[in-house]
Undergrad: 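Submitted below is the structure of interest, expressed as structure tokens.
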Amino acid sequence: MSKVDVLLGLQWGDEGKGKVVDVLTPNYEVIARFQGGPNAGHTLEFDGKKYVLHTIPSGIFRPKAINVIGNGVVIDPVVLQKEIAALKLEGVDVDSRLLVSRKAHLILPTHRFLDAASEASKGKEKIGSTLKGIGPAYMDKTGRNGLRVGDLENPDFLKKYQELKDKHLQLLTFYKFDFDIKETEKLWFESLEELKKLKFINSEYFVHQCFEQGKNILAEGAQGSLLDIDFGTYPFVTSSNTTCAGACTGLGLPPSAIGRVIGIFKAYCTRVGSGPFVTELLDDVGEKIRQKGKEFGSTTGRARRCGWLDIPALKYACMVNGTTELFMMKSDVIAGFEKVKICTAYKINGKEIEGIPFDFTAQDIQPVYQELNGWKEFETVSKFKELPHELQSYIKFIEEKVGVPITLVSTGPGRNQTIFR
Ligand code: GDP
Ligand code: IMO
Ligand code: MG
């Protein structure tokens, strides 16, 4: 029987999941998002055009694949409606390719206000949230107050909505925060009508049936392991399990169903929002990477912080995910440097340590770097052996340090700029 493959980010998000899922989709019959929501921005580039998806799985452009929004996802119908409209303009037959779990939770307008109010109240300590209402929506889910897609089919939906909204309005009185509920609510209700046109499913049954029928399923993660609610750089994280276990809870899959665990990472690191970042480059090297890698958020447009590759963090992410293989992205971006650096350990209060600490903020943490020869700019090639030798050495160095094979190397945003080993 085939297994469900999981593709997830190993860093702080934006590793290139959208590109890779789009490239892999011809091998799969079902693509399923298992967590996160409109905080995600997954970019796909082909035929000279660029698309950014937030809620919809990145297999949507391939005519033969069914795309599932799983129970672990939180949906803002306003964002989803915009995504659907943009896809329809491109002639994508969304209605026949997209299914939505009844158990996925809804992001209410007041969730977004609460997110913004909470961040504003934190001042300098803010998380740097995308302000899409993710935290408050997951809080209502775990607090057992949430509204789910399936509730839209019940006659008491409006009553439930009103009760939750009233509760949120009470909470909002604690914050000095201005908001316009009328207009936002109007848009939200309009977009619910669009959401209702989609096919709702009991996704755990659907995914299970596909699995039993031997269909190839790819679970698409959002964010990255270092933003995981349990294993990320808490509290500077998102509110869901972005790691492999999230694919089980976010789709209703038993752990034994999981096959390949594909961890994807950039040849360097980026982070958007606040929080610790040991290898961050605040100099012109960081600026060069940002400009060359176009490191500006796909969802918020914010400049992404940039730095060298962090092996202790990568190893940690591989450990908690049980990563079976690695895909390395954006190796073209750090071409042209005479030397490149890789952080192989952390020095905490002068002492070198293995692994990553419980609390990044309480101590003085310095990266221990190893310097490797850089590689020159290169044309798109199709074979690993045709890559610059120094880049091949860089890849082998990472494999040795992390102990997981790198089976795909991406050298540009396009579909063809992908080398399978
Ligand atoms: P995601 O959230 O993981 O899907 O990643 P994003 O879409 O937010 O950010 C990745 C960005 O890098 C997108 O603009 C991609 O088009 C781009 N990209 C992906 N792979 C490569 C690559 O190998 N090289 C370059 N230069 N860009 C890439
Ligand atoms: P994709 O799927 C990068 C970050 C935010 C913030 C923190 C919490 O495109 O890789 P939230 O809105 O979840 O409350 O924000 O997490 N963040 C992301 N960073 N890529 C993402 O998604 C992200 N989703 C959330 O910047 O620091
Ligand atoms: Mg992104």
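In listed order, ligands and their atoms are each counted from 1.
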Undergrad: Which protein non-hydrogen atom lies closest to atom 23 (C) of ligand 2, naming both residue and atom, and how far is it?
TA: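 Looking only at protein heavy atoms, the one closest to atom 23 (C) of ligand 2 is Q223 CG, 3.6 Å.
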Undergrad: Should F327 and K19 count as side-chain neighbours, where that means a heavy-atom distance under 4.5 Å?
TA: no
Undergrad: What about the rings of F236 and W12, do their centers lie closer together than 6.0 Å?
TA: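 They do not qualify: ring centres at least 6.0 Å apart.
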Undergrad: Check contact between R271 and ligand 2, using heavy atoms of the residue and a distance below 4.0 angstrom.
TA: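 R271: no contact with ligand 2 (<4.0 Å).
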Undergrad: Which protein heavy atom lies closest to atom 10 (C) of ligand 1, and at what distance to 0.1 Å?
TA: D14 O, 3.7 Å
Undergrad: Report the nearest protein non-hydrogen atom to atom 20 (N) of ligand 2: residue, atom name, distance rounded to 0.1 Å.
TA: D14 OD1, 3.0 Å
Undergrad: Ring centroid separation for F46 and F61, is it under 6.0 angstrom?
TA: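 Yes, the ring centres sit under 6.0 Å apart.
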Undergrad: Return the option from D332, T270, V272 holding the heavy atom at the smallest distance from atom 24 (N) of ligand 1.
TA: D332
Undergrad: Relative to the heavy atoms of A222, which atoms of ligand 2 are at a distance of less than 4.0 Å?
TA: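 Checking each atom against A222, I get 2 (O).
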Undergrad: Checking side-chain contact (heavy atoms from CB on, under 4.5 Å) between I342 and each of L314, I311, D310, which is the one that passes?
TA: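 Result: among L314, I311, D310, I311 is the only option passing the side-chain contact (heavy atoms from CB on, under 4.5 Å) with I342.
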Undergrad: Specify the protein heavy atom at minimum distance from atom 15 (O) of ligand 2: its residue, its atom name, and the distance to 0.1 Å.
TA: S129 CA, 3.4 Å
Undergrad: Is the NZ or CZ atom of K339 positioned over Y369's six-membered ring, under 6.0 angstrom from the centre and within 45° of the axis?
TA: no
Undergrad: Considering heavy atoms of the protein only, find what lies nearest to atom 12 (O) of ligand 2 and give residue, atom and distance to 0.1 Å.
TA: T130 OG1, 2.5 Å
Undergrad: Step by step, would you call K330 with E15 a salt bridge (charged side-chain N to carboxylate O under 4.0 Å, His left out)?
TA: CA-CA 8 Å; K330 299 192 112 168; E15 296 90 350; over 6 Å; no
Undergrad: Taking distance alone, with no angle check, do D115 and ligand 2 share an N/O pair under 3.5 Å?
TA: no
Undergrad: Taking distance alone, with no angle check, do H42 and ligand 2 share an N/O pair under 3.5 Å?
TA: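 By distance alone, the answer is yes.
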Undergrad: Please write down residue, atom name and distance for the protein heavy atom closest to atom 7 (O) of ligand 1.
TA: T43 OG1, 2.5 Å
Undergrad: When you compare ligand 1 with G412, is there at least one nitrogen or oxygen pair between them that comes in under 3.5 angstrom?
TA: yes
Undergrad: Looking at atom 13 (O) of ligand 2, what's its closest protein heavy atom, distance included?
TA: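 Its nearest protein heavy-atom neighbour is T238 OG1, 2.6 Å.
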Undergrad: Closer than 2.8 Å to the Mg ion (ligand 3): does that hold for any N, O or S atom in G297?
TA: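 No, since none of the N, O or S atoms of G297 sits under 2.8 Å from the Mg ion (ligand 3).
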Undergrad: Could you tell me, atom by atom, which parts of ligand 2 come under 4.0 Å of a heavy atom of I127?
TA: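 Within the 4.0 Å cut-off of I127, ligand 2 contributes 8 (C), 27 (O).
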Undergrad: Quick one: does ligand 2 sit under 4.0 Å from the side chain of W12, the backbone, both or neither, non-hydrogen atoms only?
TA: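 Under 4.0 Å from ligand 2, W12 contributes backbone atoms alone.
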Undergrad: Under a 3.5 Å threshold, yes or no: a donor from one side chain and an acceptor from the other, between Y234 and D228?
TA: no
Undergrad: Just need the protein heavy atom nearest to atom 19 (N) of ligand 2, so name the residue and atom and give the distance.
TA: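 It is V272 CG1, 3.4 Å.
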Undergrad: For atom 8 (C) of ligand 2, what's the nearest protein heavy-atom neighbour? Residue, atom name and distance, please.
TA: V237 O, 3.4 Å
Undergrad: Which atoms of ligand 2 sit under 4.0 Å from any heavy atom of A40?
TA: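 Those qualifying, in numeric order: 1 (P), 2 (O), 9 (O), 22 (O).
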Undergrad: Backbone or side chain, does any N or O of S410 fall under 3.5 Å from an N or O of ligand 1?
TA: yes
Undergrad: Within the distance-only criterion (no hydrogens, no angle test), does the side chain of T324 pair as donor or acceptor with the backbone N or O of V261 below 3.5 angstrom?
TA: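 Looks like yes, one N/O pair under 3.5 Å.
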Undergrad: At less than 4.0 angstrom from any non-hydrogen atom of L227, what atoms of ligand 2 do you find?
TA: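 Answer, ordered by atom number: 4 (C), 16 (O), 17 (N), 18 (C), 19 (N).
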Undergrad: At a 4.0 Å cut-off, with the gap strictly under it, does some heavy atom of G41 reach an atom of ligand 2?
TA: yes
Undergrad: Any N/O of K17 closer than 3.5 Å to an N/O of ligand 1?
TA: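 Checking ligand 1 against K17, an N or O pair does fall under 3.5 Å apart.
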Undergrad: Spell out, as yes or no, whether a donor-acceptor pair under 3.5 Å connects the side chain of D47 to the backbone of K49.
TA: no
Undergrad: State whether the shortest distance between N or O atoms of K132 and N or O atoms of ligand 2 falls below 3.5 angstrom.
TA: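 Among all N and O atoms of K132, none is under 3.5 Å from an N or O of ligand 2.
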Undergrad: If you measure from the Lys or Arg side-chain nitrogens to the Asp or Glu carboxylate oxygens, is any gap between R112 and D76 under 4.0 Å?
TA: yes
Undergrad: Among protein heavy atoms, which lies nearest atom 2 (O) of ligand 1, and at what distance?
TA: G41 O, 2.9 Å
Undergrad: Give the numbers and elements of all ligand 2 atoms closer than 4.0 Å to a heavy atom of G273.
TA: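 Ligand 2 atoms under the 4.0 Å threshold to G273: 27 (O).
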Undergrad: For the pair Y161 and F189, name the ring-plane relationship: parallel under 30°, tilted 30 to 60°, perpendicular over 60°.
TA: perpendicular
Undergrad: Would you say ligand 1 has an N or O under 3.5 Å from any N or O of G18?
TA: yes
Undergrad: Judging by distance only, is a nitrogen or oxygen of G13 under 3.5 angstrom from one on ligand 1?
TA: no
Undergrad: Would you say G128 touches ligand 2, if touching means a heavy atom closer than 4.0 Å?
TA: yes
Undergrad: Given that the side chain starts at C-beta and the backbone is N, CA, C, O, which of these parts of H54 lies under 4.0 Å from ligand 1, counting heavy atoms, or is it both or neither?
TA: neither
Undergrad: V68 and side-chain contact (heavy atoms from CB on, under 4.5 Å): which partner among I31, I201, I217, L98?
TA: I201
Undergrad: I'd like to know if the side chain of T407 pairs up with that of E325 as donor and acceptor (distance under 3.5 Å, no hydrogens or angles considered).
TA: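 The criterion, which ignores hydrogens and geometry beyond distance, is satisfied for E325 and T407.
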Undergrad: Is a donor from one side chain sitting under 3.5 angstrom from an acceptor on the other, for T238 and N39?
TA: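 The answer is yes; a qualifying pair exists.
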Undergrad: Strictly under 4.0 Å, does any heavy atom of K17 approach an atom of ligand 2?
TA: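 The answer is yes: ligand 2 sits under 4.0 Å from a heavy atom of K17.
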Undergrad: Ignoring angles and geometry beyond distance, decide whether S274 reaches within less than 3.5 Å of ligand 2 through its nitrogen or oxygen atoms.
TA: no
Undergrad: Which is closest to atom 16 (O) of ligand 1 in terms of heavy atoms, K19, E220, E45, Q417?
TA: E45
Undergrad: Does R421 count as lying over the ring of F384, i.e. NZ or CZ under 6.0 Å from the six-ring centre, within 45 degrees of the axis?
TA: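 Yes, R421 sits over the ring of F384.
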Undergrad: T300: heavy atom below 4.0 Å from ligand 2, yes or no?
TA: no
Undergrad: Measure from atom 27 (N) of ligand 1 to every heavy atom in M329, K330, E295, Q11 and give the option owning the shortest one.
TA: K330
